[in-house]
Amino acid sequence: MNNYTPDENRYQKMKYRRCGESGIVLPEISFGLWQNFGSQANLDNCTEMIRYAFDNGITHFDLANNYGPPAGNAEEMFGYILRKNPLIKREEIIISTKAGHEMWTGPYGDGSSRKMLFTSLNQSLKRMGLDYVDIFYSHRYDGITPIEETMQALVDIVRSGKALYVGISKYPAKEAQYAYDYLKHRDVRCLIYQGRYNMFNREPENEIIDLANKNGAGFIAFSPLAQGILTDKYINGIPANSRMSRDGFLKKEILTYALVGKIRDLNAIAAKREQSLAQMALCWTLRDPEVTSVIAGASSLNQLRDNIKSVENTSFGKEELQIIDSILKE
């Protein structure tokens, strides 16, 4: 595990898209560390996945202060892996983190206040052993903190050198537009919007993706596989040790007869494309050129390998898309 040398051809293995009107490109597949780098995760397995991702051209690693579980553990493990693998050079990767959801007890450990954002980012940098992150997100609009306070905190974070760029995540359209305008007028433009987007959640198509594009920001999709529903994992029930079996964010009640039917129909289309359902779902999210990247998580090297392979065939025929739309609308 300690004799690691990166693949010299790694950047030929991935496709990249420009992030809005910036000078940054992101890989079509970014690696998210939401639920698979917690205290129960195996360090060797996590190390192997980070190395494999880097060896295959994934240059963007997406984290947040509360990723784990427990909260903070993903950042600690990621930082440890980077320190033990110095040939994964800091200048060759984009590291993003976020703050805005509950992180610690008390009145200042939740929300989008200036105190919360600065304190949380300082903690994140310490956990990862970094001087700065490339992208720092306001993880949500909390509906309480004046948006001017949150945006000014992002401006000052960039000017402090603790983040190179800032982004927003899960903001409603009205507040997102205000954020874009506020940041632009202070010469700290919003680099990117992160939103939940997949075959079963197409809400960003209504306004959010277009709004990001009009304001020169990229759009990056999280949960492109709907936490594993858009795979063949649940076609024949709920497997033991699956995310749904743990009854966490993914509830068993959503796996209805109708939903399983859609999954099976989509899986049949993927088979005709000689792809897994997961690969097709990732490609479907990337079918829109205004989508900069998708954040795919993985709990094993095989899952990560399968996700990365999806970039080999990201095109769809008109008839394919019509059939998929008819399935999703049933």
Side-chain angles (χ1 to χ4, degrees), residues 24 26 30-39 41 43 46-47 49-50 53-54 58-86 88-142 145 149-171 179 183 188 190-194 220 222 295 297:
I24 289 294
L26 293 180
S30 296
F31 193 26
L33 281 65
W34 179 22
Q35 296 191 59
N36 297 314
F37 279 68
S39 60
L43 176 60
C46 291
T47 300
M49 287 194 292
I50 295 294
F54 186 66
I58 290 182
T59 54
H60 177 214
F61 298 89
D62 183 78
L63 299 102
N65 58 353
N66 61 342
Y67 287 2
N73 201 90
E75 290 179 329
E76 288 181 358
M77 183 175 288
F78 182 68
Y80 179 83
I81 291 171
L82 288 186
R83 289 191 294 276
K84 293 297 182 179
N85 293 270
I88 301 178
K89 295 181 179 179
R90 178 68 182 90
E91 63 269 25
E92 294 189 39
I93 58 176
I94 297 285
I95 300 172
S96 60
T97 195
K98 317 174 193 73
H101 288 289
E102 184 176 6
M103 183 59 187
W104 60 84
T105 58
Y108 314 119
D110 194 3
S112 304
S113 70
R114 179 182 180 87
K115 178 174 176 59
M116 201 285 175
L117 297 185
F118 263 92
T119 304
S120 181
L121 177 55
N122 287 333
Q123 292 178 352
S124 292
L125 293 174
K126 184 176 181 181
R127 280 191 290 267
M128 291 187 281
L130 302 176
D131 297 322
Y132 69 95
V133 292
D134 298 278
I135 307 170
F136 181 67
Y137 288 92
S138 171
H139 207 165
R140 66 181 177 116
Y141 172 67
D142 66 11
T145 307
E149 178 179 342
T150 303
M151 292 304 109
Q152 188 59 46
L154 295 184
V155 169
D156 293 340
I157 281 170
V158 169
R159 291 175 178 167
S160 74
K162 294 182 179 181
L164 301 185
Y165 302 92
V166 291
I168 55 176
S169 178
K170 300 179 294 189
Y171 272 54
L183 294 169
V188 179
C190 181
L191 176 73
I192 194 166
Y193 183 107
Q194 185 173 137
I220 187 167
F222 75 87
I295 301 171

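Values below: all heavy atoms of this structure, side chains included; hydrogens, waters and symmetry mates excluded. Just so you know, residue 1 is the first one in the sequence shown, and it goes up from there.
- Atom CD in Glu76 sits 10.5 Å away from atom OG in Ser124 (nearest 0.5 Å).
- Contact annotation: the side chain of Ile24 approaches that of Ile94 to within less than 4.5 Å [non-hydrogen atoms, C-beta and beyond].
- In this structure, the side chains of Lys115 and Tyr108 come closer than 4.5 Å at one or more pairs of heavy atoms.
- Counting all heavy atoms, side chain and backbone alike, Cys46 lies closest to Met77 at SG-SD, 3.4 Å.
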Result block: side-chain N/O donor-acceptor pairs under 3.5 angstrom for residues 63-72, not counting sequence neighbours:
residue, atom, partner, partner atom, Å
Asn65, ND2, Ser120, OG, 2.8
Tyr67, OH, Lys98, NZ, 3.1

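- For the side chain to side chain donor-acceptor pair (under 3.5 Å) test, no residue two or more places apart in sequence or in another chain qualifies with Glu102.
- Partners of Arg90 by side chain to side chain donor-acceptor pair (under 3.5 Å), not counting sequence neighbours, listed by chain and number: Asp134.
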(request) Mind running side chain to side chain contact (heavy atoms under 4.5 Å, CB included) on Leu154 and Val188 for me, showing each step along the way? (result) CA-CA 8 Å; Leu154 295 184; Val188 179; over 6 Å; no

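- Here Asn73 pairs with nothing under the side chain to side chain donor-acceptor pair (under 3.5 Å) rule; sequence neighbours left out.
- Contact record, Phe31 with Leu33: O-CD1, 3.6 Å, taken as the closest heavy-atom pair.
- Residues in residues 120-141 take part in these ring pair (Phe, Tyr, Trp, His ring centres under 6.0 Å) pairs, two or more places apart or across chains: His101-His139, Tyr141-Tyr171.
- Sorted by first and then second residue, the side-chain hydrogen bond (donor to acceptor under 3.5 Å, both in side chains) pairs with a member in residues 159-168 read Asn122-Lys162; sequence neighbours excluded.
- The aromatic rings of Phe61 and Phe78 lie tilted to each other, with the angle between the two planes from 30° to 60°.
- If you take CG on Leu26 and CD1 on Ile135, they are separated by 5.5 Å, rounding to the nearest 0.5 Å.
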(request) List the steps and the verdict of side chain to side chain contact (heavy atoms under 4.5 Å, CB included) for Ile95 and Leu130. (result) CA-CA 10 Å; Ile95 300 172; Leu130 302 176; 3.8 Å; yes

(request) Begin with the C-alpha distance, continue with both residues' side-chain angles, and end with the deciding distance and a verdict on side-chain hydrogen bond (donor to acceptor under 3.5 Å, both in side chains) for Asp62 and Ser30. (result) CA-CA 7 Å; Asp62 183 78; Ser30 296; over 6 Å; no

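- One side chain, Glu75 or Thr97, offers a donor N or O that lies under 3.5 Å from an acceptor on the other.
- Contact of the Cys190 side chain with the Ile168 side chain is registered, since non-hydrogen atoms from C-beta on lie closer than 4.5 Å.
- Annotation: the span from Ile50 atom CD1 to Ile81 atom CD1 amounts to 5.0 Å, rounded to 0.5 Å.
- Between the OH atom of Tyr80 and the CG atom of Asn85 there is a distance of 9.5 Å, given to the nearest 0.5 Å.
- Shown here are the side-chain contact (heavy atoms from CB on, under 4.5 Å) partners of Glu149, two or more places apart in sequence or in another chain: Ser113, Arg114, Thr145, Pro146.
- Taking the charged nitrogens against the carboxylate oxygens, Asp142 and Lys170 have no contact shorter than 4.0 Å, which rules out a salt bridge.
- In terms of heavy atoms, Lys89 sits closest to Phe54 at N-CZ, 4.5 Å.
- In this structure, the separation between OG on Ser169 and CD1 on Ile192 is 10.0 Å, given to the nearest 0.5 Å.
- The shortest non-hydrogen separation linking Thr150 to Ser138 is CG2-OG, 3.6 Å.
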(request) Take Gln152 and Val155 through the side chain to side chain contact (heavy atoms under 4.5 Å, CB included) test and state the conclusion after the steps. (result) CA-CA 5 Å; Gln152 188 59 46; Val155 169; 3.8 Å; yes

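- The CD1 atom of Ile88 sits 12.0 Å away from atom OG1 of Thr59, with the distance rounded to the nearest 0.5 Å.
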(request) Could you please spell out the steps behind the side chain to side chain contact (heavy atoms under 4.5 Å, CB included) verdict for Phe118 and Asp156? (result) CA-CA 9 Å; Phe118 263 92; Asp156 293 340; 3.9 Å; yes

